[in-house]
Amino acid sequence: MLQLLLGLCLIWGFNFVVMKTANQYFSPELFVTLRFILGAAILFAYASIRKLHLPKREFWIWIAITGALQISIGAAIVQICFNYLSAGLVSVLNYTMPLWVIILARIFLGESLMKKKIIGIVTSILGVAILMDVDINGNIFGIIHGRIMSDIDHSSIFFCANLHKTCIYAYFRKNILR
């Protein structure tokens with residue numbers, strides 16, 4: 001089991017390096033489109049071989065909306081950001097989205113923060129600070145530290161665009177898809 005987990009970490013981690021490298025050969029939009037077309041073809045082939053049925057037609061609109069808001073836009077934002085940021089920084093920023101959604105859900109939707117969520121938020125922020133090479137002398141946000149300073153504008157654009165997409169989807173899912 002540990003070997004599978006390590007293999008999964010390797011694949012997920014290496015994925016961002018491959019995606020950044022792909023920008024040398026394709027436009028970000030084309031690469032995302034090709035990834036989704038290839039992925040859909042593989043899934044449809046698998047479903048056909050296994051004789052799996054497609055979802056009912058009544059759910060197609062919701063699947064399309066979810067795919068557009070949560071998957072396609074997010075993938076395009078990530079791929080475009082590889083033109084401006086390192087693969088490591090894009091990866092860290094991308095995987096912090098759930099953390100910020102929890103905080104914003106508290107602020108805008110009034111969701112409660114239990115003790116476990118608060119511990120998770122604090123632990124996550126500390127982990128991100130460590131991953132972003134924060135020094136111990138009080139620079140807890142890492143944005144103004146060393147090599148990250150040059151990426152502040154692009155990081156902010158990436159963060160805001162991806163967070164905006166995630167929040168729209170969360171609101172849509174909570175209030176419209178009930």
Side-chain angles (χ1 to χ4, degrees), residues 1-102 104 124 127-128 131-133 142-143 147-148 150-174 176-177:
M1 184 66 161
L2 181 60
Q3 292 167 336
L4 290 175
L5 183 59
L6 291 174
L8 182 62
C9 290
L10 180 66
I11 290 168
W12 270 346
F14 192 64
N15 184 40
F16 281 86
V17 174
V18 170
M19 290 165 52
K20 182 168 179 75
T21 304
N23 278 1
Q24 296 173 12
Y25 304 100
F26 304 100
S27 70
E29 299 83 4
L30 177 60
F31 184 67
V32 169
T33 302
L34 292 173
R35 281 177 41 209
F36 287 166
I37 289 172
L38 179 62
I42 290 169
L43 287 174
F44 279 121
Y46 177 80
S48 176
I49 290 168
R50 301 282 306 214
K51 308 234 185 299
L52 302 174
H53 301 286
L54 291 174
K56 293 180 184 175
R57 233 177 155 72
E58 65 190 83
F59 298 116
W60 286 13
I61 185 70
W62 304 116
I63 293 168
I65 290 169
T66 300
L69 288 176
Q70 188 63 11
I71 308 295
S72 300
I73 293 172
I77 291 168
V78 167
Q79 197 65 40
I80 290 167
C81 284
F82 283 122
N83 288 332
Y84 307 101
L85 302 171
S86 69
L89 186 56
V90 171
S91 174
V92 169
L93 291 171
N94 187 56
Y95 288 119
T96 61
M97 282 306 122
L99 165 70
W100 303 114
V101 169
I102 290 171
L104 292 174
S124 297
V128 169
L131 288 172
M132 293 181 81
D133 192 25
I143 297 300
R147 63 182 171 75
I148 297 171
S150 64
D151 293 336
I152 186 169
D153 292 336
H154 298 115
S155 298
S156 299
I157 291 167
F158 170 83
F159 175 77
C160 291
N162 214 358
L163 185 60
H164 183 257
K165 175 266 314 180
T166 303
C167 289
I168 289 171
Y169 177 73
Y171 177 82
F172 176 81
R173 184 163 180 194
K174 182 171 183 146
I176 297 174
L177 287 182

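If you read the sequence from its start, that first residue is 1, and numbering goes on from there. Just so you know, these numbers come straight off a predicted model, no measurement behind them.
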Engineer: What is the distance from atom NZ of Lys56 to atom CD1 of Ile63, rounded to the nearest 0.5 Å?
Structural biologist: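 If I round to the nearest 0.5 Å, the distance is 12.0 Å.
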
Engineer: Could you list the donor-acceptor pairs under 3.5 angstrom formed by side chains in residues 31-52, with sequence neighbours left out?
Structural biologist:
{"from": "Thr33", "atom 1": "OG1", "to": "Glu29", "atom 2": "O", "distance (Å)": "2.8"}

Engineer: So how far is it from Leu54 CG to Trp60 CH2, rounded to the nearest 0.5 Å?
Structural biologist: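 Reported to 0.5 Å precision, the distance equals 6.0 Å.
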
Engineer: Are there more than 12 heavy atoms of other residues, nucleotides or ligands under 6.0 Å from atom CD of Gln3?
Structural biologist: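 Open.
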
Engineer: Between Met1 and Leu5, is there a side-chain heavy-atom distance shorter than 4.5 Å?
Structural biologist: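 No. Closest side-chain heavy atoms not under 4.5 Å.
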
Engineer: Shortest non-hydrogen contact from Gln79 to Ala22?
Structural biologist: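 Scanning both residues, the minimum pair turns out to be NE2-CB, 4.4 Å.
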
Engineer: Ignoring hydrogens and geometry, is there a side-chain-to-backbone donor-acceptor pair from Lys20 to Ala87 under 3.5 Å?
Structural biologist: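 Not confirmed, Lys20 side chain does not pair with Ala87 backbone.
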
Engineer: Just to verify, what does Asn83 make a side chain to side chain contact (heavy atoms under 4.5 Å, CB included) with, not counting sequence neighbours?
Structural biologist: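 Partners of Asn83 under the side chain to side chain contact (heavy atoms under 4.5 Å, CB included) test: Asn23, Pro28.
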
